[in-house]
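All values below were derived from every heavy atom in this structure, side-chain atoms included, with hydrogens, water molecules and symmetry-related copies excluded.
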Amino acid sequence: MPKKSTHPTPTDNSSLCLQYLRHCGGSARLCHINFSLSVIQTLVNQKRVKISNTGAGFFIELEDSK
């Protein structure tokens with residue numbers, strides 16, 4: 001029987017998305033990441049990331065990267 005973890009785990013992947021963006025240098029092309037739109041929208045609503053259109057595509061960037 002598997003043991004239950006005593007550490008709380010988030011039900012969404014927002015922390016993984018933030019970790020991925022930090023690993024990529026703070027920004028990534030929106031079409032290249034595999035996180036759901038609800039995870040991205042949650043991070044935008046929390047003002048932890050922003051979406052920018054550079055003319056060459058949409059990028060997701062960490063808010064505290066600049």
Hits for side-chain contact (heavy atoms from CB on, under 4.5 Å) against Ser38, two or more places apart or cross-chain, chain-then-number order -> Ser36

SG (Cys31) and CZ (Phe59) are apart, to the nearest 0.5 Å, by 8.0 Å

The reported gap from SG in Cys17 to CD1 in Ile60 (rounded to nearest 0.5 angstrom) is 4.5 Å

By side-chain contact (heavy atoms from CB on, under 4.5 Å), Gln41 pairs with (sequence neighbours left out) Val44, Asn45

Across all chains, not counting sequence neighbours, the side-chain contact (heavy atoms from CB on, under 4.5 Å) partners of Leu16 are Asn13, Gln19, Phe35

Hits for side-chain contact (heavy atoms from CB on, under 4.5 Å) against Arg48, two or more places apart or cross-chain, chain-then-number order -> Leu18, Arg22, Leu43, Gln46

Separation between CD (Glu63) and NZ (Lys47), nearest 0.5 Å, reads 8.5 Å

Are more than 12 heavy atoms, taken from residues, nucleotides or ligands other than Asn34, located less than 6.0 Å from that residue's CG atom?
no

So side-chain hydrogen bond (donor to acceptor under 3.5 Å, both in side chains) across residues 24-33, not counting sequence neighbours, yields none

